[in-house]
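A short write-up of the structure that comes next.
Positions are given from 1 along the sequence. These values consider heavy atoms only, across backbone and side chains, with no hydrogens, waters or symmetry-generated copies.
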Amino acid sequence: MVKFALGPRGERTYSTTFTLRSNVPTESVRNILFSGLLPIYGFSPYPQDLLAICRKIEPVQNRDAPYHWSVDCEWSTLQEGNPQDQQKPPDQRRPVWGYTFQPLQKFWPCDLNGLKYCDSAGTPFDPPPSRPIYVQVYTIERFEQVGNRDSDANYLNHCNQNGWQGAQSGEALIQNIAVREVYEQAQYWHHCTYTVLKSPRITVPGTIAGSAVQPFVGAFDFECILDAGPKMLDVNNNPVPIVQDGFVEGRAVRLDGTGHVLTPAIAQNVYLKFANALPVDFGPLDLVPPY
């Protein structure tokens, strides 16, 4: 007899009972479950409703007739996670990937139209304005057999040496690795959560001193900082205050990348490039999505 029910979340549930006969009265429950005559837990659909998956198999041996077994089976369209995947050892289960977007404040040398953040005389604003860059934040959860704090620490605040999930070299950063012990299937496992930031380079007008690369905002390996300050280099390469109209202003003035005042006032900004995060090979972490 087949029973059918509708649940409060709209799920359709089917249940029935099978009768099996074994060859010996001492047959093991495992042999009954894997006899091939029963549906497979977490895999087999109900024949008349392919969206309903088997979520219960309960064999019971007949006390008065030990050769006979009654097996209650149930199928439902409501599944809590992937029941077939949950039967696997934790480190063989499908990793769980998620993402969100997070604002990361950055100092910008110009607006979105390329207009430099300077006053009408060409002097940079002090302090410079900041705007957020919305970076992608990936979280990867999975189980591992062992954990290694020292090894994990070598990846923190390091950027990708090679391409990773569409991010060019230097555009992804390991922000955090969180690990906690979980006891499953009679042993301890390490539940690991990797947090990876991904921020593309956004190019801006101007030049980088001593480089043919266009200046940029974003990424993690380098930072482009406007070359500006209250001093310049004299003929002997000694820093001296910048005198304008007979006065020492004391505020930052744009420089040309060689320590001298940038002229004329309409000239493009010059930037200096500073390393922020060292590259590391993400390969050993095996952060590869399952889809």
For the CZ atom on F4, are there more than 12 heavy atoms of other groups (residues, nucleotides or ligands in this structure) within a distance under 6.0 Å?
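Enclosed.
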In terms of heavy-atom contacts, does CZ of F43 have more than 12 from other residues, nucleotides or ligands at under 6.0 Å?
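No, the 6.0 Å shell around CZ holds no more than 12 heavy atoms from other groups.
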Kindly confirm or rule out a cation-pi arrangement of R93 over F143, judged by NZ or CZ under 6.0 Å from the six-membered ring centre and within 45° of its axis?
yes
Does one side chain, of [X] or [Y], offer a donor that lies under 3.5 Å from an acceptor on the other?
X: R94; Y: N82; answer: no
X: S130; Y: Q105; answer: yes
X: Y14; Y: D49; answer: yes
X: S28; Y: N31; answer: yes
X: E223; Y: N276; answer: yes
X: H191; Y: E141; answer: yes

Side-chain heavy atoms under 4.5 angstrom apart, residues restricted to Ile, Leu, Val, Met, Phe, Trp, Tyr: same cluster for V2 and L78?
no
L226 and F125: same hydrophobic cluster, using ILVMFWY side-chain contacts below 4.5 Å?
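In one cluster with L226: F125, yes.
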Under a 4.0 Å threshold between the charged nitrogen and the carboxylate oxygen, would D85 count as salt-bridged to K88?
yes
Could K3 and D72 be called an ion pair, given the rule that one side-chain N must be under 4.0 Å from one carboxylate O?
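Answer for the salt bridge query: no.
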Does Q79 reach the main-chain N or O of S76 with its side chain, forming a donor-acceptor pair under 3.5 Å?
yes
How about W164 and Y138: are their ring centres within less than 6.0 Å of each other?
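Judged by ring-centre distance (under 6.0 Å), W164 and Y138 do meet the cut-off.
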Quick one: are the ring centres of Y134 and F101 less than 6.0 Å apart?
no
